[in-house]
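Contents: one structure, followed by commentary.
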Amino acid sequence: MTSLASSPVTSSFPIDLGAYQPLTLDPARPALTAEEKRILEANLQLCRDVIVFFTATGAARGVGGHTGGPYDTVPEVMILDGLFRGAPDRFVPIFFDEAGHRVATQYLMAVLRGHLPAEALLRYREAHAKLPGHPELGLTPGVQFSSGRLGHLWPFINGVALAHPERIVFCLGSDGAQQEGDDAEAARFAVAHRLNVKLLIDDNDVTIAGHPSSYQPGFDLARTLGGQGLATFAGDGEDLDALYRRIQQAVTTDGPVAVINRRRMCVGIEGLEGSTHGHDVIPVEKAIAYLEGRGQDAAVRCLKAIVKPENPTTSRGSGSTWSANRNVFGDKAVQILGRMDPTERKRSVLVVDSDLEGSCGLAQIRKAFPEIFVSGGIMERANFSAAAGFGMEPGRQGVFATFSAFLEMCISEITMARLNGANVLAHFSHAGIDDMADNTCHFGLNNFFADNGLEEDEHPTRLYFPADAGQMQACLEAVFDDPGLRFLFSTRSKVPNLLAADGSDLYGEGYVFRPGRDEVVREGSAGTIVSFGDGLYRALDAVEQLREDGIEVALINKSTLNVVDEEMMARIGASPFVLVVEAFNRRTGLGSRFGTWLLERGHRPAYARLGTVREGCGGLWEQFPHQGIDAAGIISHVRSLLVEGVRPADPSRDPA
């Protein structure tokens, strides 16, 4: 299945990976020899140094990354590497990991197995380096699986075990991943079918926003998995002898086994040990202090020499104030909630977080009004449904937030909320692709899936994607108390303030958001571009550049995504051409509906749609030009449409 090559000789990489000592371990022996333990300890420290170093290059370049998870699990990975070498026919020799953000493990092992040069690690999460923030099969040499999102891989691994009943399959897990409902189903399946799946679970009591022992005090991994029928062996993850004995015991025990390894997050890293901050990428200054303490002076010099790249593009039609709408949501919500009577606020509003409060703006609400806030943990389906259940009665509403990529996990729950007449204000941040170094599995592409009710359903569902901070504030002000299901989207990236044609703020003082109404951003007779969210300022840049060439194209902001503005549709339909520009999936986004809306009303402009069509390239702003939806790509399509109304070639090159 894979090559178990020795570590490559490296020259320019600042840590000597040639010092790695390939070890063979016999799974029949219940204990390590003194020499095996010495080698394991040396390999462990070397690999932890390397992980701290190359993940910190991501921090230095501004592309982020995750240090704590891969750093924590090095002992398990080193033992697995030895077992795979010692008995290759007994195991599926893949380091399957259901915590995809621990991708640094996969890249390190790809280097140690000879599939990647060590120097490649210096471009961790960089655009076009093929080292994104989650492993992707077929993209990176030596990477043998795509992990997807947290807690989604164990059910898949059960299938691998069914395909290879004569072999043992390992899955590196975590206490965070185990909170997802998929794993409960996978556990029952594995037990029912006596699968030879062995879980190695990093139990560090840390997730992004808190400590499971605090926000889920009844949750115990050993009792939970034992209750599902697995054999469970728990102990200290930093005691190599004890850790090896548990893994060896799991290997020699028939059926599914969970090896639970308790440790503090980022053990041994000053300032991060035991902290939730260890989940993310290590700050450069802490990495330098750690590496200096380890005598890795060349790595320190390399880190200090990295210069953070800046986005070279400028955006015509936008101002210089860049805001994170995902945080603007929280700030505005606090303002609205603050106007309410405290007793009425407690009675009528419940805010449910999914361990992403700092990323989705809910942290501001927790700090201001903790009495209406619930830390739900990593359980999007249950959390959305709890918010919906609270909002079942008129005059009550649940507020829920998570990443847009995870909207796909809540589709059935959204249907149930609609059937029960629930009132939910849901904020899905990290929509689209911008600034998404985590790459394809974290793209928030299929947000229109939320609009899955019947056309004659009297319980409204509305999708909103404001374009800048001013419009986000006005949108939330307008829809906060509306009945039904309201989905507000924002990006991971900051967006600039948009300017009107006279140079004033387009969505400044006095602006009032009108749900369901499209808005003219620029007038023009040559054709019309329709966009929203973070696509709008890029489309505005394209429109302004075309205007400089004498081509006046209209630009429409369709911030209410799933409602037809009949008055505006008649105006758009009279244009020579219509081009929809979005970062959503081209198959399922606005463009896939908008053409139908035009045809149903008898309009026949030349029509084209731009959206996300291919897997990501990593990096940050580079994702937009990679998909051909930056200003240059938009201009190219407009010029094609202007040639006798010819529709440009399908950018996806997909006959479907």
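If you read the sequence from its start, that first residue is 1, and numbering goes on from there.
- Side-chain polar atoms of Asp205 and Ser213 form a donor-acceptor pair below 3.5 angstrom.
- Between Glu126 and Arg61, at least one side-chain N (NZ, or NE/NH1/NH2) sits under 4.0 Å from a carboxylate O, which counts as a salt bridge.
- Under 4.0 Å is where a charged nitrogen must lie from a carboxylate oxygen, and between Asp182 and Arg381 at least one such pair does.
- Checked for salt-bridge contact, Arg538 and Asp434 meet the test: a charged N lies under 4.0 Å from a carboxylate O.
- Remark: the Asn439 side chain and the Glu615 side chain contain no N/O donor-acceptor pair separated by less than 3.5 Å.
- Looking only at distances, no side-chain donor or acceptor of Gln228 sits under 3.5 Å from a matching main-chain atom of Ala187.
- Inspection of the Ser174 and Glu98 side chains reveals no N or O donor paired with an N or O acceptor under 3.5 Å.
- For Glu380 and Arg149, the salt-bridge test fails: no basic side-chain N is under 4.0 Å from an acidic carboxylate O.
- With hydrogens and angles left out, the side-chain atoms of Ser493 and Asp435 include no donor and acceptor closer than 3.5 Å.
- Tyr215 and Asp353 share no donor-acceptor pair across their side chains, judged by distance under 3.5 Å alone.
- A donor-acceptor distance shorter than 3.5 angstrom exists from the side chain of Gln623 to the backbone of Met436, with no hydrogens or angles considered.
- The aromatic rings of His442 and Phe403 lie perpendicular to each other, with more than 60° between the two planes, well past the 30° mark.
- Aromatic ring centres of Phe53 and Tyr290 lie farther apart than the 6.0 Å criterion allows.
- Contacts of Gln249 classified as side chain to side chain donor-acceptor pair (under 3.5 Å), with partners at least two apart in sequence or in another chain: none.
- In summary, Arg102 and Asp72 do not engage in a salt bridge, as defined by a charged side-chain N under 4.0 Å from a carboxylate O.
- Note on ring orientation: taking the six-membered ring where Trp is involved, the planes of Tyr107 and Tyr124 are perpendicular (angle over 60°, cut-offs 30° and 60°).
- No salt bridge links Asp241 with Arg245; every basic N to acidic carboxylate O contact stays at or beyond 4.0 Å.
- Using a 4.0 Å cut-off between charged nitrogen and carboxylate oxygen, Glu357 and Arg326 do not count as a salt-bridge pair.
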Task: Phe170 and Phe91: CA distance, side-chain angles, deciding distance, ring pair (Phe, Tyr, Trp, His ring centres under 6.0 Å) verdict - done: CA-CA 8 Å; Phe170 282 100; Phe91 304 101; 5.7 Å; yes
